Peer 1: 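Dropping a structure here in structure tokens format, bear with me for questions.
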There are 2 protein chains.
Amino acid sequence: MEYVDLSMKTDQNELVDFDAIDRRILTELQIDGRITNVELARRAGISAPPCLRRVRRLEEAGLIRGYHAETDGSKLGWSITFFVIVGLESQKEVMLSGFEKQVATWEEVRECHMIRGGGDFLLRLVARDAAHENILTQRLTGLPEVSRVQTLQTIRTSKNVAGVPI
Amino acid sequence: MEYVDLSMKTDQNELVDFDAIDRRILTELQIDGRITNVELARRAGISAPPCLRRVRRLEEAGLIRGYHAETDGSKLGWSITFFVIVGLESQKEVMLSGFEKQVATWEEVRECHMIRGGGDFLLRLVARDAAHENILTQRLTGLPEVSRVQTLQTIRTSKNVAGVPI
DNA sequence: GGCCGCGCGCAATATTATTTCATTGGCCTG
DNA sequence: CAGGCCAATGAAATAATATTGCGCGCGGCC
């Protein structure tokens with residue numbers, strides 16, 4: 001006789017249930033994602049094993065999506081960051097997601113946000129130089145569904161922090 | 001007419017010297033910043049010690065600025081992300097950096113980019129709800145040096161990747 | 001050829017991650 | 001109020017990983 005646990009789990013574990021220690025853990029991991037668990041536990045005021053269990057729990061609940069190295073784009077040959085506001089002719093969902101799928105394949109497009117209600121997007125792109133930036137802008141303008149393109153070139157960035165306040 | 005010097009005098013090219021293995025390392029660390037050095041070495045095709053030495057070298061050269069956990073803002077109570085294009089009345093450097101320093105102290109402001117040549121900024125903010133968003137917008141509008149505020153609310157984000165192509 | 005100098009990888013050691021397990025305290029129930 | 005249940009903790013043991021030390025091979029350069 002087998003006893004099988006049939007208890008249902010909601011597919012999105014909401015986890016409305018995190019305390020001051022969890023917040024401390026999240027804060028520290030947003031600042032330094034490669035901190036050792038020992039040091040993290042020390043800062044959170046608990047011992048290592050429960051600290052690691054909390055981290056795993058936060059990961060599985062989706063509060064932590066992943067960990068990433070922050071690289072220096074200009075030192076890697078991507079000297080230009082710019083934003084583009086793109087307006088589409090149609091507001092039909094098929095056209096919108098078609099545009100999203102299209103630009104998602106471009107490696108220079110790092111972010112794509114749909115904004116406002118109707119057919120506008122804000123993109124963040126990187127380019128190797130001004131010529132490259134022009135090519136990308138023209139490639140956007142040339143897309144059939146695109147009706148309007150406004151480029152916002154970044155002169156300098158005074159603040160850029162990961163995550164959200166905790 | 002004011003002329004803004006856009007020339008990029010970089011004294012920052014300490015390390016012009018990274019090869020295919022380094023690029024592989026950077027790529028993997030951008031995707032998963034908590035990968036173990038052993039696994040990273042395996043993917044880079046070298047053994048662990050030289051791999052770790054390369055990572056340290058990339059960190060010290062500034063190609064890797066840091067590591068961060070990517071968190072889920074909405075699950076942490078920050079359900080709204082929006083962008084704001086802010087225009088200042090003055091283009092004097094004192095006013096520009098004054099504005100930057102001011103908004104940098106707001107925890108809801110996650111990015112602040114100066115755009116174009118003259119006194120405009122693009123900000124990315126997070127808010128707990130619509131009321132909070134309104135408060136933030138009004139707080140921006142109320143700043144003495146601010147002349148124009150345009151809000152771009154994010155409906156959905158179809159792409160958001162860290163770093164740059166490598 | 002012989003001498004660097006750099007970067008590699010093996011092996012040893014230090015540190016960290018992870019599992020195991022006994023214990024504690026809160027809380028419901030009889 | 002005792003007893004049992006549950007969740008979470010931390011000490012200790014073990015597994016895995018990070019880091020150091022060192023000898024070797026390869027390519028450039030007299």
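Note that this is a predicted model, so its numbers are computed, not measured. So that the names make sense, note that chain A is the first sequence line, chain B the second, and so on, each numbered from 1.
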Peer 1: Minimum heavy-atom separation for Phe121(A) and Ile115(A), please, with both atom names.
Peer 2: N-CG1, 4.1 Å

Peer 1: Mind checking what makes salt bridge (charged side-chain N to carboxylate O under 4.0 Å, His left out) contact with Arg53(A), not counting sequence neighbours?
Peer 2: none

Peer 1: When you compare the side chains of Thr71(A) and Gln30(B), does any donor N or O come within less than 3.5 Å of an acceptor on the partner?
Peer 2: yes

Peer 1: With a 3.5 Å distance limit and no angle check, can you tell me whether Arg43(B) reaches the backbone of Ile25(B) through a side-chain donor-acceptor pair?
Peer 2: no

Peer 1: Atom CD1 of Ile46(B) and atom C1' of dC26(D): how far apart are they, to the nearest Å?
Peer 2: 16 Å

Peer 1: Round to a whole Å and report the spacing from CG of Asp22(A) to P of dA8(D).
Peer 2: 10 Å

Peer 1: Atom CZ of Arg57(A) and atom C1' of dT9(D): how far apart are they, to the nearest Å?
Peer 2: 14 Å

Peer 1: Distances under 3.5 Å between protein N/O atoms and the N/O atoms of nucleotides 18-22 of chain D, please, pair by pair.
Peer 2:
| from | atom 1 | to | atom 2 | distance (Å) |
| --- | --- | --- | --- | --- |
| dA18(D) | OP1 | Asn37(B) | N | 2.7 |
| dA18(D) | OP2 | Asn37(B) | N | 2.9 |
| dA18(D) | OP2 | Val38(B) | N | 3.0 |
| dT19(D) | OP1 | Arg56(B) | NH2 | 3.2 |
| dT19(D) | OP2 | Arg56(B) | NH2 | 2.5 |

Peer 1: Taking side-chain hydrogen bond (donor to acceptor under 3.5 Å, both in side chains) as the definition, give me every residue that meets it alongside Arg156(B), ordered by chain and number, with sequence neighbours left out.
Peer 2: Glu93(A), Glu100(A)

